[in-house]
**Q** 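Sharing a structure with you now.
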Amino acid sequence: QVQLVESGGGLVQAGDSLRLSCAASGRTFSRSAMGWFRQAPGKEREFVAAISWGGSNTYYADSVKGRFTISRDNAKSTLYLQMNSLKPEDTAVYYCAARGESKSSAYVYIRAHEYDYWGQGTQVTVSS
């Protein structure tokens, strides 16, 4: 089992920055590929960013590419999402997710069903 707890969400203005954190416990975090997803009201959960368990590979949704950065600190068992130049359309509940097993240290996963563990989410609201 893996427990994931997100933090860092809040209410900001367009153009501001936020850094989300996801603290993991209960399993060897350093061997888990990780990802961030988000869900806006009335919409389906969508992929935001992913990182391999080795940290060498990352992948982003087109909508956040160049503005968001995913990173991980395996020593602290923590996943991060640095969000810059926030837009009102970034408003959503953000979830971190962990995969139990990976094909390799360099593999990333971008589909929700590929993840085994989920956090409870943190709300991000961007006002215009």
Side-chain angles (χ1 to χ4, degrees):
Q1 287 290 332
V2 176
Q3 292 78 45
L4 303 172
V5 179
E6 302 95 336
S7 62
L11 172 62
V12 297
Q13 293 187 333
D16 285 350
S17 298
L18 276 176
R19 188 176 80 157
L20 304 184
S21 299
C22 173
S25 62
R27 190 183 183 274
T28 306
F29 171 83
S30 61
R31 304 280 296 193
S32 297
M34 304 290 293
W36 286 99
F37 290 76
R38 66 187 182 186
Q39 187 166 18
K43 296 188 177 181
E44 293 186 354
R45 190 170 298 190
E46 66 173 358
F47 168 77
V48 175
I51 188 167
S52 59
W53 69 255
S56 60
N57 283 347
T58 58
Y59 191 83
Y60 298 91
D62 288 343
S63 59
V64 306
K65 200 172 296 182
R67 299 188 298 122
F68 291 10
T69 302
I70 188 171
S71 62
R72 63 191 298 158
D73 185 336
N74 287 345
K76 295 182 178 179
S77 297
T78 303
L79 177 74
Y80 302 100
L81 184 68
Q82 178 66 44
M83 305 186 295
N84 298 330
S85 302
L86 282 161
K87 304 175 181 180
E89 51 263 44
D90 294 319
T91 294
V93 177
Y94 284 71
Y95 300 90
C96 71
R99 180 173 168 92
E101 299 291 337
S102 298
K103 293 182 179 181
S104 77
S105 63
Y107 212 81
V108 294
Y109 298 85
I110 66 172
R111 298 174 181 82
H113 74 268
E114 295 176 310
Y115 287 88
D116 302 299
Y117 307 100
W118 293 83
Q120 292 301 306
T122 185
Q123 176 71 47
V124 172
T125 303
V126 184
S127 63
S128 57

**Q** Look at Arg99 together with Glu114 and state whether they make a salt bridge at an N to O cut-off of under 4.0 Å.
**A** no
**Q** Considering only heavy atoms from C-beta outward, does the side chain of Leu20 approach that of Trp36 to under 4.5 Å?
**A** yes
**Q** Starting at CG of Leu4, measure out to OG of Ser21 and round the result to the nearest 0.5 Å.
**A** 12.5 Å
**Q** Test side chain to side chain contact (heavy atoms under 4.5 Å, CB included) on Thr58 and Tyr60 and set out the steps.
**A** CA-CA 7 Å; Thr58 58; Tyr60 298 91; 3.6 Å; yes
**Q** Evaluate the side-chain proximity of Gln39 to Glu46: yes if any heavy-atom separation is below 4.5 Å, no if none is.
**A** no
**Q** Hey, quick one: are Val64 and Leu18 part of the same hydrophobic cluster, counting side-chain heavy atoms closer than 4.5 Å, chains of contacts allowed?
**A** yes
**Q** Locate the shortest heavy-atom distance separating Ala98 from Val2; write the atom from each residue and the value.
**A** CB-CG1, 4.4 Å
**Q** State, yes or no, whether a side-chain contact exists between Ser102 and Tyr109 at a heavy-atom distance under 4.5 Å.
**A** yes
**Q** Output yes when a side-chain donor or acceptor of Thr78 lies under 3.5 Å from a complementary backbone atom of Lys76, and no otherwise.
**A** yes
**Q** Met83, Val126: one ILVMFWY side-chain cluster at the under-4.5 Å cut-off?
**A** yes
**Q** Whether the side chain of Arg72 engages the backbone of Ser52 through a donor-acceptor N/O pair (distance < 3.5 Å, no angle test) should be reported.
**A** yes
**Q** Hey, are the side chains of Tyr94 and Val48 touching, using non-hydrogen atoms and a 4.5 Å cut-off?
**A** yes
**Q** Heavy atoms only: give me the nearest Ser71-Leu79 pair and the separation to one decimal.
**A** O-CD1, 3.3 Å
**Q** Between Glu6 (side chain) and Gln120 (backbone), is there a donor-acceptor pair under 3.5 Å?
**A** yes
**Q** Measuring only between side-chain heavy atoms, which start at C-beta, is Arg38 closer than 4.5 Å to Tyr95?
**A** no
**Q** Taking the side chain as every heavy atom from C-beta outward, state whether Ser105 and Trp53 have any pair of such atoms under 4.5 Å apart.
**A** yes
**Q** Calculate, to the nearest 0.5 Å, the distance between atoms OG and CZ belonging to Ser85 and Arg67 respectively.
**A** 7.0 Å
**Q** Would you call Ile51 and Asn57 a side-chain contact if the rule is heavy atoms closer than 4.5 Å?
**A** no
**Q** Angle class for the Tyr115/Trp118 ring planes (parallel below 30°, perpendicular above 60°, tilted otherwise)?
**A** perpendicular
**Q** Can you establish whether the number of heavy atoms outside Lys65 located under 6.0 Å from its atom NZ is more than 12?
**A** yes
**Q** Could Lys87 and Asp90 be called an ion pair, given the rule that one side-chain N must be under 4.0 Å from one carboxylate O?
**A** no
**Q** Is the ring centre of Phe37 less than 6.0 Å from the ring centre of Phe47?
**A** yes
**Q** Out of curiosity, Ser17 OG to Leu86 CG, how far, rounded to the nearest 0.5 Å?
**A** 6.5 Å
**Q** Out of curiosity, Cys96 SG to Leu81 CG, how far, rounded to the nearest 0.5 Å?
**A** 10.5 Å
**Q** With a cut-off of 6.0 Å (strictly less than), are more than 12 heavy atoms of other residues, nucleotides or ligands near OH of Tyr117?
**A** yes
**Q** Can Phe68 be reached from Met34 by stepping across I, L, V, M, F, W or Y side chains whose heavy atoms are under 4.5 Å apart?
**A** yes
**Q** Give a yes or no on whether Val124 and Val93 share a hydrophobic cluster (residues Ile, Leu, Val, Met, Phe, Trp, Tyr; joining criterion: side-chain heavy atoms under 4.5 Å apart).
**A** no
**Q** Enter the distance from Ser32:OG to Asp116:CG here, rounded to the nearest 0.5 Å.
**A** 8.5 Å
**Q** Less than 3.5 Å apart, any donor N or O on the side chain of Gln123 or Thr125 sitting next to an acceptor on the other?
**A** yes
